[in-house]
Amino acid sequence: MTAQEASKLSALVVAHNEEHQLAECLERLEFVDELVVVLDKCTDRSYAIATLFTKNLISGSWDIEGERRNTGREACTGDWILEVDADERVTRELADEIRAAIRSNRYNYFLIPFDNYVGETLVRYGWGASWGVSAAPRLSRKEHKRWGVERIHPSLELTGPEGHLKNRMLHYVDKNISDMIRRLDRYTTIRAHDIRENNNSGSFARNVRRIFSRFYKCYVGRRGYREGKYGFLIALFAGLYPILSYLKAKLEDQ
């Protein structure tokens with residue numbers, strides 16, 4: 001493989017009914033060599049919008065998030081893949097750093113830090129414990145990253161040395177507190193499916209304890225206290241996530 005081939009960069013965007021924000025996401029990816037968009041169960045104008053930016057479209061229906069993302073990765077022809085969600089934005093500074101990182105040829109994947117927004121408010125600290133991320137391995141060589149088979153928050157298989165980028169991905173995670181509550185309901189329902197299917201719920205007592213351990217992890221360990229009331233909310237939802245998932249798996253039949 002020549003140096004030019006090795007530096008080919010694909011961007012992968014996975015979307016479900018994102019007509020309100022997909023164009024803004026895709027137009028920030030003009031710096032890549034190839035753009036692949038996976039459209040999952042889209043019933044809005046997402047497909048038509050995506051055609052304005054690329055011909056590399058995959059339209060289908062997936063229940064497993066990991067399988068959906070792996071399908072997109074397999075369709076990419078670049079040696080490097082940048083994964084971006086529709087509610088995320090790549091800044092010009094991050095784009096330049098990504099190109100420089102690929103040219104360095106030192107690592108197999110890179111952690112990209114995030115700036116998470118609730119509405120127009122930047123909330124940088126406190127994310128984690130299945131409730132948002134502060135950094136994620138979104139830039140990787142094609143053969144050195146694979147998603148697991150979980151419906152939500154799939155596991156990752158990563159190989160090789162890890163690098164770190166400095167510039168941040170912008171992530172518009174929630175519009176407001178009501179949107180955050182709806183996301184908690186949606187996430188716990190999907191997680192309950194995984195629990196029922198794999199019978200890996202743990203005990204009731206263990207999930208109750210996780211309310212407090214996860215709250216502490218986000219509010220103290222990840223410095224959510226620096227964000228005031230938003231930090232408290234993030235830690236609260238992180239603590240509620242496992243117990244609500246457990247109760248839905250045990251008490252509901254879906």
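Along the sequence shown, residues carry numbers from 1. For the numbers below, each heavy atom of this structure counts, side chains included, while hydrogens, waters and symmetry mates do not.
Here D85 pairs with R69 in a salt bridge; the nearest charged N to carboxylate O distance falls below 4.0 Å. Residues E24 and R89 are paired through a salt bridge, judged by an N-O separation under 4.0 Å between the basic side chain and the carboxylate. Between R28 and E88, no side-chain nitrogen of the basic residue sits less than 4.0 Å from a carboxylate oxygen of the acidic one, so the salt-bridge criterion is not met.
Here I98 contributes atom CD1 and I102 contributes atom CD1; the two are 7.0 Å apart, rounded to the nearest 0.5 Å. To the nearest 0.5 Å, atom CG of residue L35 and atom CZ of residue F53 are 8.5 Å apart. The CD atom of Q21 lies 10.5 Å from the CG atom of L26; values are rounded to the nearest 0.5 Å. Going from atom CG of L240 over to atom CD1 of I181 covers 10.5 Å, rounded to the nearest 0.5 Å. The NZ atom of K142 lies 5.5 Å from the CD1 atom of I81; values are rounded to the nearest 0.5 Å. Distance CG/D96 to CZ/R99: 10.0 Å, rounded to 0.5 Å.
A donor-acceptor pair is defined here as one N or O able to donate and one able to accept, closer than 3.5 Å; no such pair exists between the side chain of N199 and the backbone of I195. At least one donor-acceptor pair closer than 3.5 Å links the side chain of D33 to the backbone N or O of L9.
Other residues, nucleotides and ligands place no more than 12 heavy atoms under 6.0 Å from the NZ atom of K217.
Here the side chains of L82 and F31 are in contact, with some heavy-atom distance below 4.5 Å. Contact of the S130 side chain with the R214 side chain is registered, since non-hydrogen atoms from C-beta on lie closer than 4.5 Å. Looking at heavy atoms from C-beta onward, F204 lies in side-chain contact with I243 at the 4.5 angstrom threshold. Between K248 and I190, every side-chain heavy-atom pair lies at or beyond the 4.5 Å cut-off. Looking at F114 and R138, their side chains come closer than 4.5 Å, going by heavy atoms from C-beta outward. Residues V118 and L233 form no side-chain contact, since every pair of their non-hydrogen atoms from C-beta on lies 4.5 Å or further apart. Taking the side chain as every heavy atom from C-beta outward, S155 and E150 approach each other to under 4.5 Å. No side-chain heavy atom of V123 sits under 4.5 Å from any side-chain heavy atom of Y117.
Here the shortest heavy-atom pairing between L22 and A86 reads CD1-CB, 4.3 Å. Here the shortest heavy-atom pairing between P137 and L158 reads CG-CD1, 3.8 Å. Scanning both residues, G202 and Y246, for their nearest heavy atoms gives O-CE1, 3.3 Å. Heavy-atom minimum distance, G72 versus V36: O-CG1, 4.3 Å. Minimum heavy-atom separation, S104 to A101: OG-O, 2.5 Å. Of all heavy-atom pairs spanning G119 and Y172, the tightest one is O-CD2, 4.4 Å.
When hydrophobic clusters are built by joining Ile, Leu, Val, Met, Phe, Trp and Tyr residues whose side-chain heavy atoms come closer than 4.5 Å, directly or via intermediates, V32 is grouped together with I112. V173 and M169 sit in two unconnected hydrophobic clusters of ILVMFWY residues. Membership requires side-chain heavy atoms under 4.5 Å apart, directly or through other members. Under the 4.5 Å side-chain heavy-atom criterion for ILVMFWY residues, no single connected hydrophobic cluster contains both L170 and L139. L122 and Y125 fall into different hydrophobic clusters, where Ile, Leu, Val, Met, Phe, Trp and Tyr are joined by side-chain heavy atoms under 4.5 Å apart, directly or via other members. Linking Ile, Leu, Val, Met, Phe, Trp and Tyr residues whenever their side-chain heavy atoms come within less than 4.5 Å leaves W127 and L156 in two separate clusters.
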Take N167 and E97, measure what side-chain hydrogen bond (donor to acceptor under 3.5 Å, both in side chains) needs, and give me the verdict at the end. CA-CA 7 Å; N167 287 285; E97 187 180 10; 2.8 Å; yes
For a side-chain hydrogen bond (donor to acceptor under 3.5 Å, both in side chains) check, start with the C-alpha distance between N116 and R168, then their side-chain angles and the critical distance, and finish with the verdict. CA-CA 10 Å; N116 295 294; R168 294 175 176 268; over 6 Å; no
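Tested against S140 for a side chain to side chain donor-acceptor pair (under 3.5 Å), the candidates K145, E162, R146, R73 yield a single pass: R73. Evaluated for a side chain to side chain donor-acceptor pair (under 3.5 Å) with R151, the options E197, E65, H193 yield exactly one hit, E197. The residue from W131, Y241, Y187 that alone fulfils the side chain to side chain donor-acceptor pair (under 3.5 Å) condition with H153 is Y241.
Qualifying ring pair (Phe, Tyr, Trp, His ring centres under 6.0 Å) partners for Y107, counting only residues two or more places apart in sequence or in other chains: F110. For R183, the side chain to side chain donor-acceptor pair (under 3.5 Å) partners are D174, not counting sequence neighbours.
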Quiz: residues 38-45 side-chain donor-acceptor pairs under 3.5 angstrom, not counting sequence neighbours:
residue	atom	partner	partner atom	Å
D40	OD1	W62	N	3.0
D40	OD2	R68	NH1	2.8
K41	NZ	W62	O	2.2
T43	OG1	N17	ND2	3.3
D44	OD1	S46	N	3.0
D44	OD1	S46	OG	2.8
D44	OD2	E18	N	3.3
D44	OD2	E19	N	3.1
D44	OD2	S46	OG	3.3

